[in-house]
Amino acid sequence: MRQRDTILIVDDMEINRVILDGLFQEEYHLLEAENGEQALLLLRQYHENIAIMLLDVVMPVMDGYKVLQEMGANGLLDEVPVVVITADNSLEGELRAFDLGASDIIVKPFEPHVVKRRVHNIIELYLHKHNLEDMVEQQAQKLRESNDVLVDALSSVIEYRSLESGQHIKRIRLLTQVLLEEVCRNCPEYGLDKKKIEVIASASALHDIGKIAVPDSVLRKAEPLTNPEWEEMRRHPVTGYEILRKVDDFKEIAVLVRHHHERWDGRGYPDGLSGDQIPISAQVVAMADVYDALVSKRVYKDAYAPDVAVQMILHGDCGAFNPLLLECLTDLQDTFKAELAAPEA
């Protein structure tokens, strides 16, 4: 965060700017503007350095009310407080300025010491607010980093227990992210954004965490599973859910883990959810998981070519998927193929 050591003085009267300059020139860098348009240009360029704006209301080209409107629309009022300095002492003018987001109003003619004290108080309040926001973001970043370390550690446990390689985990993350970005572009109804996509893509590494409770005799069996063994394997989404739901920061991840074997037509497990009863995170991870399983060699099968894998998913050979996701997969099949062909890091 840059140091906020500058005051922007906006007034069409030079004498007023000179008086205000004299109050603050020993403590702050000063910027001046003769009208609202100049003020907004300086704000856009120096907003990270500006501690406060002292704003006249009646000015040519663009008045102070319009400046406040523009600042509110651009989010600058959250960053830079504004003290309106005006000769208009009417209640209507005062209410209008406050409604537009002014932090304080000082009526001309003013007492210099009072102006100086009130400006200092507002600057201190805003700096305290910015410092608190920075502290919260720093703590949130540390928490995200800690969670990433934990996800990676748990992913390593899955790799150790399963015959699936670490590359499977990496590809699931990558395929999930690419699919989510396509869904975000084409299906705004799911409310995805950059932060949600990052969280889901990272969480996808844990989709099979429940397999740590599946016996090796079942997990690593090359022959077809018996009915009892299949029932044992089908329990892993619930097991993973029970492991993760006890961790506060992993409760949403737990839901993804529980439902990544649900299918659009309700024929999946463990809860038989259908359609958009299934969280979009679980729907996307399920498709990425199925695709990677098809194109990967396993003890019980050879790898399918990427084009064949896509056709199998589109034709319903691997269960039913959201038609919107199938459209996204069709659009992305060349991208998926290119990612598979890329050299492993």
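Sequence positions, counted from 1, serve as the residue numbers for this chain.
Using a 4.5 Å cut-off on side-chain heavy atoms (C-beta onward), L175 and D292 make contact. W264 has its side chain within reach of D276: a pair of non-hydrogen atoms, C-beta onward, lies under 4.5 Å apart. Side-chain contact between I106 and V84: absent, with no pair of heavy atoms (C-beta onward) separated by less than 4.5 Å. Residues I9 and M53 are not in side-chain contact: their nearest non-hydrogen atoms beyond the backbone lie 4.5 Å or more apart.
Here L95 is tied into one hydrophobic group with L91, each link being a pair of ILVMFWY side chains closer than 4.5 Å.
When the shell of 6.0 Å around CD of E189 is examined, it contains more than 12 heavy atoms from other residues, nucleotides or ligands.
Formation of a donor-acceptor pair under 3.5 Å by the E262 side chain with backbone atoms of D271 is found in this model. Checking side-chain atoms of T330 against main-chain N and O of L326 turns up a donor-acceptor pair under 3.5 Å. A side-chain donor-acceptor contact under 3.5 Å links H236 to the backbone of M233.
Using a cutoff of 4.0 Å between basic side-chain nitrogens and carboxylate oxygens, D302 and K297 are scored as salt-bridged. K66 has no carboxylate O lying under 4.0 Å from a charged side-chain N of D63, or vice versa, which leaves the two without a salt bridge. Ion pairing of R185 with E182 is present here, as a side-chain N (NZ or NE/NH1/NH2) and a carboxylate O approach within less than 4.0 Å. Ion pairing between a basic and an acidic side chain is recognised when a charged N comes within 4.0 Å of a carboxylate O; K108 and D56 show such pairing.
In this structure, OG in S103 is found 5.5 Å from CD1 in I122, a value given to the nearest 0.5 Å. In this structure, L77 CG and L43 CG are separated by 9.0 Å, a value rounded to the nearest 0.5 Å. Taking CG of L8 as the start and CD of E32 as the end, the distance is 9.0 Å to the nearest 0.5 Å. To the nearest 0.5 Å, atom CZ of residue R245 and atom CD of residue E252 are 15.5 Å apart.
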Inset, instruction - In sequence, state the C-alpha distance, the side-chain angles, and the governing distance for T226 and E229, and then conclude on side-chain hydrogen bond (donor to acceptor under 3.5 Å, both in side chains). - result: CA-CA 5 Å; T226 65; E229 288 170 340; 3.3 Å; yes
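Scanning both residues, I172 and A288, for their nearest heavy atoms gives CD1-O, 3.5 Å.
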Under 3.5 Å, which donor-acceptor pairs do the side chains of residues 19-31 form with other protein atoms, sequence neighbours left out?
residue : atom : partner : partner atom : Å
E27     : OE1  : H120    : NE2          : 3.2
E27     : OE2  : H120    : NE2          : 3.4

Distance-only donor-acceptor hits, side chain of residues 110-118, under 3.5 Å, sequence neighbours excluded:
residue : atom : partner : partner atom : Å
E111    : OE2  : H113    : N            : 3.2
R117    : NE   : N121    : OD1          : 3.3
R117    : NH2  : N121    : OD1          : 3.2
R118    : NE   : D104    : OD2          : 2.9
R118    : NH2  : D104    : OD1          : 2.9
R118    : NH2  : D104    : OD2          : 3.2
R118    : NH2  : I105    : O            : 3.0

